[in-house]
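Below you'll find the structure, written out as structure tokens, and then a few comments.
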Amino acid sequence: MSELETKSPGNFIRQIIDGDLKAGKHDGRVHTRFPPEPNGYLHIGHAKSICLNFGVARDYQSGKCNLRFDDTNPHKENIEYVDAIIDDVKWLGFDWQDRLFYASDYFQQLHDYALELIKAGKAYVCDLTAEEVRDYRGTLTEPGKASPYSNRTVEENLDLFRRMKAGEYEDGTRVLRARIDMASPNMNMRDPTLYRIRHGVIHHQTGEAWCIYPMYDFTHPISDALEGITHSLCTLEFEDHRPLYDWVLNNISIASHPQQIEFSRLNLQYTVVSKRKLTQLVDEGHVSGWGDPRMPTLAGLRRRGYTSSSIREFCDRIGVTKAENSVEMGILEACIREDLDRNAPRAMAVLDPLKVVIENFPEGETQQLEAPNHPKDEGMGKRTIAFTRELYIDRADFREQASRKYKRLVTDGEVRLRNAYVIKCNQVINGPDGEIVELRCSYDAETLGANPQGRKVRGVIHWVSAPEGIPAEIRLYDRLFGHPTPDGDKGVRSFLEHLNPDSFKVAGNAVVEPGLAQAEPGANYQFEREGYFCLDQQDSKATRLVFNRTVTLRDSWQKIDRQKG
RNA sequence: UGGGAUGUAGCUCAACUGGCAGAGCGACGGACUCUGACUCCGUAGGUUGUAGGUUCGACCCCUACCAUCCCAGCCA
């Protein structure tokens, strides 16, 4: 039953690889890499890339996938992110074996290749300020003009670059640039920056060994080549960078030449999948952190109760193409529901308790009833639940009067208590404000595991024993944004305006069945008729159980209510 | 008004590379049910962005147009 051994569906990238294999390219090897920058937590969009890269490696004979941190900008990067990313990729179910790398592992080699370019007259040290560089670059419709420093001699460039490295110059005073074509219609080819100076930052891997740091466009192709990557998969915005990727490899003495292939990033409705925006949500305190259960981060989804296999399944279902996309949240939800319906044990929890007194059940007595942990999987075993004279049902499961569509308890009506007896509501007790505070009911002792004689009971509701049940806090999460594309709405100043104020609610007076005291942190349950929940890994304590709602059950009554009421 | 890409069902993707346009999710209707869940059965939904062209035959090839996305960081 290991999903990891199941092949992912085909896509255009796998077709390219198939073709390459048939043509005998790359000595018949397939080697990919997942190259995160450790400047934030991984999100569901990264999961798409991880599943693609590691999935390809898994599905091809002797395929390999490296985990490589693209850590060339110490300003934004952080060891905390490195650790979190490692955890997340592992959790997602993938293994890079002994191939954990850092672009910073190659700083010396990168530097030496830069020297090669300088010696070949293909790179130069430029003294222009950042603004001047921008001016010289031209615009989308006008060509740029050559930097006044682009004609320095090789010797001068070598000397200047050596001194850059030696720390003789301040940040921003000089850069190393490739000499390509200032008139190229592709902006990336207008003498792109290769190295910049960064003093006073401590790199999480290399410490203070370097004060010059290579740019992505220089680092990435070389790192790929050094690792023997065959197919370098990245997102669409790097399409324009491919000529530069190839230029770098074609102009240095490196034999290997991986093939860059671009695919479209994931967009998920009712959330944002952009590290910048997620960082903003965290920094400005709109969420409790990167692992907030409402975040589309892997850490957030995990805490919310999503399983890694459901996320892998999601990635298989959405596919890989080059088309812009906007994936409905329903697909992700369908994946977790499918997983949890099959695998999560059932339990009962009352979120908004309303007291019920079974008048014809003896006071002080507890009857242990038996209930299956899963309605369709006997292998999951049984549990006992306590039935007592006083119990709780959910306030929403009672109405003084209702139409025939309402299949729950009404005054003078009957309803089945799940896994227990049929009860009848005889009397409604109101509080001083007219609020319903208690229901006086009677139970039919003949109805345990049997239908009542001569009459039909229209509904089944869940319940928990009042004296035996355990108080719990149940956190109800909903979509973080109230708009399908919060970052795509031009009618609003900031995507933050679409934050859903109801994305987090707490059912603080919930009561759960006694057996849940033994729940393991992170364990998934279906609370019958409510949804899927997991025991919170961080905040739940033996003295105060905390559950997170992962997702509700599919809800066909909502629309019925909408239609009728 | 430069360059690069992308348009197939509501959404995400298929279509053996020129041979009767399908699937998953969703929607709608029904059956079943001690979860308004699950499961099962059924229905709707397409001028394949548009207009031409090539061909016995075009989602696929050609031309033009339209729409959308990306690119002017010493970010990745």
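Because the structure is predicted, anything quoted here is derived from the model rather than measured. Letters A, B, ... mirror the listed sequences (proteins, then strands); counts begin at 1.
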*asked:* Rounding to an integer number of angstrom, what distance separates A51(B) and G4(B) when you compare their P atoms?
replied: 26 Å
*Listed nucleotide nearest any side-chain atom of Ser264(A), set C38(B), A72(B), C13(B)*: C13(B)
*OP1 or OP2 of A15(B) under 4.0 Å from side-chain N/O of Gln15(A)*: yes
*Contact class for His241(A) (heavy atom, under 4.0 Å): base, sugar-phosphate, or nothing?*
base
*Under 4.0 Å between any heavy atoms, over every strand shown, what does Ala323(A) touch: base, sugar-phosphate, or nothing? Just pick one.*
sugar-phosphate
*Is Arg317(A) near enough to C13(B) that one of its side-chain N or O atoms lies under 4.0 angstrom from OP1 or OP2?*
no
*For residues Phe547(A) and Phe533(A), establish whether the separation of their ring centroids is below 6.0 Å.*
no
_Asn325(A) vs C13(B): side-chain N/O to OP1/OP2 distance below 4.0 Å_ = yes
_When you measure from the side-chain N and O atoms of Thr321(A) to the phosphate of U6(B), is any distance below 4.0 Å, counting only OP1 and OP2?_
no
*Sequence neighbours excluded, every pair satisfying salt bridge (charged side-chain N to carboxylate O under 4.0 Å, His left out) that has a member inside residues 237-247 of chain A*: Glu237(A)-Arg265(A), Glu239(A)-Lys322(A), Arg242(A)-Glu262(A)
*Which nucleotide in C25(B), C75(B), G36(B) has an atom nearest any side-chain atom of Tyr406(A)*: G36(B)
*List for me each residue that meets side-chain contact (heavy atoms from CB on, under 4.5 Å) alongside Ala396(A), sequence neighbours excluded, and say none if there are none.*
Asp394(A), Arg408(A)
*asked:* Applying side-chain contact (heavy atoms from CB on, under 4.5 Å), can you list everything that pairs with Pro148(A), at least two apart in sequence or on another chain?
replied: Leu128(A), Tyr136(A)
*Map every base of RNA chain B to its dot-bracket character, where paired means a Watson-Crick or G-U wobble contact with both distances under 3.5 Å and | marks a partner outside the strand.*
.((((((..((((.....[..)))).(((((.......))))).....(((((..]....))))))))))).....
*Scan Ile318(A) against the nucleic acid and name what it touches under 4.0 Å (heavy atoms): base, sugar-phosphate only, or nothing.*
sugar-phosphate
*How would you label the contact of Leu244(A) with the nucleic acid (heavy atoms, under 4.0 Å): base, sugar-phosphate, or nothing?*
nothing
*Is any side-chain N or O of Arg137(A) closer than 4.0 Å to OP1 or OP2 of C74(B)?*
yes
*Base, sugar-phosphate, or nothing for Val175(A), non-hydrogen atoms under 4.0 angstrom?*
base
*Tell me which of Glu37(A) and Val320(A) sits closer to the 5' end of RNA chain B, going by the nucleotide each one is nearest to.*
Val320(A)
*State which residues pass salt bridge (Lys or Arg N to Asp or Glu O under 4.0 Å) with Glu142(A); sequence neighbours excluded, sorted by chain then number.*
none
_Does Glu328(A) reach a base, just sugar-phosphate, or nothing at all? Heavy atoms under 4.0 Å._
base
*Could you verify whether a donor N or O on one side chain and an acceptor N or O on the other, from Arg479(A) and Thr271(A), lie under 3.5 Å apart?*
no
*Reckon Arg198(A) has a side-chain N or O less than 4.0 Å from the OP1 or OP2 of C74(B)?*
no
*Quantified in whole Å, what is the C1' atom distance between nucleotide U55(B) and nucleotide C61(B)?*
10 Å
_Side chain of Arg554(A), heavy atoms from C-beta onward: which of C75(B), A37(B), U12(B) has the nearest atom to it?_
A37(B)
_For Asn267(A), side-chain contact (heavy atoms from CB on, under 4.5 Å) partners two or more places apart_ = Glu324(A), Asn325(A)
*Answer with base, sugar-phosphate or nothing: what part of the nucleic acid does Lys322(A) contact at a heavy-atom distance below 4.0 Å?*
sugar-phosphate
*asked:* Could you work out, with side-chain contact (heavy atoms from CB on, under 4.5 Å) as the rule, every residue matching Ile180(A), not counting sequence neighbours?
replied: Ala178(A), Met189(A), Asp191(A), Pro192(A), Leu244(A), Trp247(A)
*Please state whether the rings of His111(A) and Phe161(A) are parallel, tilted or perpendicular, taking 30° and 60° as the class boundaries.*
parallel
*Salt bridge flag under 4.0 Å for residues Asp487(A) and Arg276(A)*: no
*Could you note down all residue pairs passing salt bridge (charged side-chain N to carboxylate O under 4.0 Å, His left out) where residues 37-46 of chain A supplies at least one of them, sequence neighbours left out?*
none
_If you assign His220(A) and Thr141(A) each to the RNA chain B nucleotide with the nearest heavy atom, which residue ends up on the more 5' nucleotide?_
Thr141(A)
*How would you label the contact of Ser326(A) with the nucleic acid (heavy atoms, under 4.0 Å): base, sugar-phosphate, or nothing?*
sugar-phosphate
*Listed partners of Glu328(A) passing salt bridge (Lys or Arg N to Asp or Glu O under 4.0 Å), at least two apart*: none
*Kindly say whether, by distance alone, the side chain of Arg408(A) makes a donor-acceptor pair under 3.5 Å with the base of G36(B)?*
yes
*For G3(B), does OP1 or OP2 lie under 4.0 Å from any side-chain N or O of Arg242(A)?*
no
_Measuring only the C1' atom in each nucleotide, how far is G24(B) from C32(B)? A whole number of Å is fine._
24 Å
Every protein N/O within reach of nucleotides 65-70 of chain B N/O, cut-off under 3.5 Å:
residue : atom : partner   : partner atom : Å
C69(B)  : O2'  : Glu324(A) : OE2          : 3.1

*Just jot down the salt bridge (Lys or Arg N to Asp or Glu O under 4.0 Å) partners of Asp105(A), sequence neighbours excluded, or say none.*
none
Listed pairs, N/O of protein and of nucleotides 32-35 of chain B, under 3.5 Å:
residue : atom : partner   : partner atom : Å
C34(B)  : O3'  : Arg418(A) : NH1          : 3.3
C34(B)  : O2'  : Arg418(A) : NH1          : 2.7
C34(B)  : O2   : Asn419(A) : N            : 2.9
C34(B)  : N3   : Asn419(A) : N            : 3.4
C34(B)  : N4   : Arg416(A) : NH1          : 3.0
C34(B)  : N4   : Ala420(A) : O            : 3.4
C34(B)  : N4   : Gly449(A) : N            : 2.9
U35(B)  : O2   : Gln526(A) : OE1          : 2.9
U35(B)  : O2   : Arg529(A) : N            : 2.9
U35(B)  : N3   : Gln526(A) : OE1          : 2.5
U35(B)  : N3   : Glu528(A) : OE2          : 3.3
U35(B)  : O4   : Arg346(A) : NH1          : 2.4

